[in-house]
Amino acid sequence: MERSAERAPLFLEEIRGGLNLTLATEEASRCLLCFDAPCSQACPAGTDPGRFIRKLRFRNVTGAIRTIKENNPFGWTCGAVCPTAKLCELACSRTALDRPIQIGNIQRFLMEHGWIMGFSPIKKPKTTGRGKVAVVGSGPAGLTCARELTLQGYEVTVFEKKDRPGGNLRYGIPPFRLSEEGVHREIEEIVSLGVIIKTNTSIEGENGLQKLRDEGFQAVFLSTGLWEPIRLGIDGSDLEGVLSATEFLGSLRNGQADRIEKKVKGHTVAVIGGGSVAMDTAMWAKKIGAKDTYVLYRRSYLEMPAEEKEKIQALNEGIHFLILTQPVKFEGQDTLTSVICRRTKLGDPDDSGRRRPEEIPGSEFELPIDVAIEALATRPATEVKKIASNLAWENGVISASEETGQTSLPWVYAGGDIVRGPALVVEAVADGKKAAEAIVQHLEGKGE
Ligand SMILES: Cc1cc2nc3c(=O)[nH]c(=O)nc-3n(C[C@H](O)[C@H](O)[C@H](O)COP(=O)(O)OP(=O)(O)OC[C@H]3O[C@@H](n4cnc5c(N)ncnc54)[C@H](O)[C@@H]3O)c2cc1C
Ligand code: SF4
């Protein structure tokens with residue numbers, strides 16, 4: 001099915017980030033206008049905060065918006081979900097004086113301001129017909145690559161397995177952190193430039209990529225992400241009420257929200273895992289009415305991979321953390337009624353550098369629960385392993401050049417989570433840009 005432009009309702013009430021034009025300009029006035037701006041160097045996708053903040057500071061609001069959008073088709077999304085404290089704001093020189101410039105909030109504000117003003121900084125390309133490229137997967141990596149190639153005059157078709165585009169922006173990150181409408185708008189902007197997105201279209205089989213080539217696509221960008229959840233695999237995993245975070249988060253967005261909400265509302269939920277996805281899952285379960293929500297994690301609080309602010313937020317929402325706790329069995333007849341856990345203690349560091357959890361014999365206890373959501377990790381789906389079976393792989397992900405995204409098959413490029421493992425939206429955008437540039441070089445006969 002080809003996706004046509006749907007209209008989104010107005011966004012006025014959604015302005016967040018705590019800024020308006022006056023406050024954003026005041027915040028930009030704190031900028032030191034650094035030479036070789038460290039903030040810009042710290043952005044993986046080259047969004048260039050040094051430049052857009054300078055423009056805003058000198059009241060060139062449309063210029064600031066244009067800088068963001070030219071460099072990053074997901075400028076709003078990144079403003080909302082980038083871990084800026086680890087990237088641009090960490091590098092900001094102003095930190096040495098008092099505190100960093102609120103780069104993420106300014107970026108987000110500028111994007112929303114542009115929408116409200118009806119300002120479209122990126123125009124449809126004048127040149128077309130330079131060649132045909134296929135993109136597999138419509139997450140931020142795929143859609144960025146598609147936009148960049150379209151702007152260069154290529155005809156790009158994005159194949160997406162799910163019924164709506166966006167990947168984790170739509171089916172992973174919860175809407176209380178990333179509004180559906182903002183994502184919708186950024187995707188619409190990409191579609192309006194001429195990118196074709198074919199949803200409900202999965203590329204499959206060992207000859208899936210070759211078939212695309214036979215259909216006339218001169219290059220393929222593979223950005224299929226990591227969609228197969230790694231499961232605990234303990235006894236009772238097949239009971240009704242035991243599910244993965246991928247299933248839970250996805251179901252809330254794919255028309256099954258009622259079924260999932262019914263399961264969770266007024267019930268006790270245990271989320272297993274200690275990463276950002278576990279925090280998002282626990283908070284969403286709480287928001288849709290779970291009576292009690294537990295996070296079960298087998299190492300200590302300090303070893304939880306989630307960011308400190310996410311953990312604090314979850315605790316503030318009233319989520320209970322059971323740390324040094326390893327689930328060993330789910331109990332119930334057909335439906336889950338409890339989880340048996342064993343206490344752990346920390347031993348010597350393992351390969352990840354974190355101290356290994358060791359189960360304490362005889363420390364079992366039973367936690368009555370109605371729903372268990374496993375938020376451990378994800379890996380490439382089986383069908384992706386099949387379509388990419390002719391490509392080189394390394395450590396469970398597709399092997400691709402860091403500079404170009406080119407894989408072991410010269411006309412196939414790859415980027416985003418399927419190459420990096422679990423990563424960030426801004427890194428997916430960076431990979432999409434890099435691969436688009438390399439594909440143009442390749443098709444012009446300038447690359448390998
Ligand atoms: C719950 C959650 C919270 C997150 N929070 C943050 C955050 O706060 N900040 C941040 O920066 N990052 C966050 N991330 C990570 C971020 O979302 C990912 O790094 C990013 O989405 C990866 O982009 P991608 O384009 O590589 O793949 P994805 O977004 O995974 O998109 C891949 C797309 O490919 C499609 N696909 C797969 N196989 C096929 C096939 N065979 N044929 C056609 N289509 C296919 C999938 O359906 C999907 O739409 C979060 C992730 C999750 C799950
Ligand atoms: S590093 Fe900070 S102070 Fe320097 S240009 Fe960037 S935002 Fe301004």
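Residue numbers start at 1 and run along the sequence shown. Note that ligands are numbered from 1 as they come in the structure, with each ligand's atoms numbered from 1 the same way. The figures here come from the full heavy-atom set of this structure, side chains too, leaving out hydrogens, waters and symmetry mates. Note that this is a predicted model, so its numbers are computed, not measured.
Of the protein's non-hydrogen atoms, T224 CG2, 3.6 Å is the one closest to atom 39 (C) of ligand 1. With hydrogens left out, the protein atom closest to atom 52 (C) of ligand 1 is V277 CG2, 3.9 Å, a heavy atom. Nearest protein heavy-atom neighbour of atom 27 (O) of ligand 1: G225 CA, 3.7 Å. Nearest protein neighbour of atom 46 (C) of ligand 1, counting heavy atoms only, is E160 OE2, 3.5 Å. Protein heavy atom nearest atom 18 (C) of ligand 1, with residue, atom name and distance: D417 OD2, 3.4 Å. In this structure, atom 8 (O) of ligand 1 lies nearest to the protein heavy atom R177 NH1, 2.9 Å. For atom 44 (N) of ligand 1, the closest non-hydrogen atom of the protein is K161 N, 3.2 Å. If you check which protein heavy atom lies closest to atom 11 (O) of ligand 1, you get V425 N, 2.9 Å.
Among G139, P140, G416, the residue whose heavy atom sits closest to atom 23 (O) of ligand 1 is P140. Closest heavy-atom approach to atom 15 (C) of ligand 1 among the candidates P83, G142, A423, A414: A423. Summarising the contacts of atom 3 (C) of ligand 1 with V81, N168, D280, T144, the nearest heavy atom is found in D280. Which of I203, I173, T246 comes nearest to atom 13 (C) of ligand 1 through a heavy atom is settled by distance: it is I173. The residue from S223, A428, G137 that puts a heavy atom closest to atom 32 (C) of ligand 1 is S223.
With no hydrogens or angles considered, no side-chain donor-acceptor pair links E189 and S192 at under 3.5 Å.
Under a cutoff of 6.0 Å and an axis angle of 45°, R185 and W115 form a cation-pi pair.
For D258, the CG atom sits in a loose shell: 12 or fewer heavy atoms of surrounding residues, nucleotides or ligands are nearer than 6.0 Å.
In this structure, R164 pairs ionically with E180, as a charged nitrogen and a carboxylate oxygen lie closer than 4.0 Å. The residues D431 and R420 are annotated as salt-bridged, a charged nitrogen and a carboxylate oxygen being separated by less than 4.0 angstrom.
With a 4.0 Å cut-off on non-hydrogen atoms, E383 touches ligand 1 through its side chain and not its backbone.
The G167 neighbourhood of ligand 1 comprises atoms 29 (O), 31 (O), 48 (C), 49 (O), with distances under 4.0 Å to a heavy atom of that residue. Near G172, with a cut-off below 4.0 Å to any heavy atom, the atoms of ligand 1 are 1 (C).
Excluding water, every protein N/O/S atom under 2.8 Å from atom 8 (Fe) of ligand 2 is given here by residue and atom: C31 SG.
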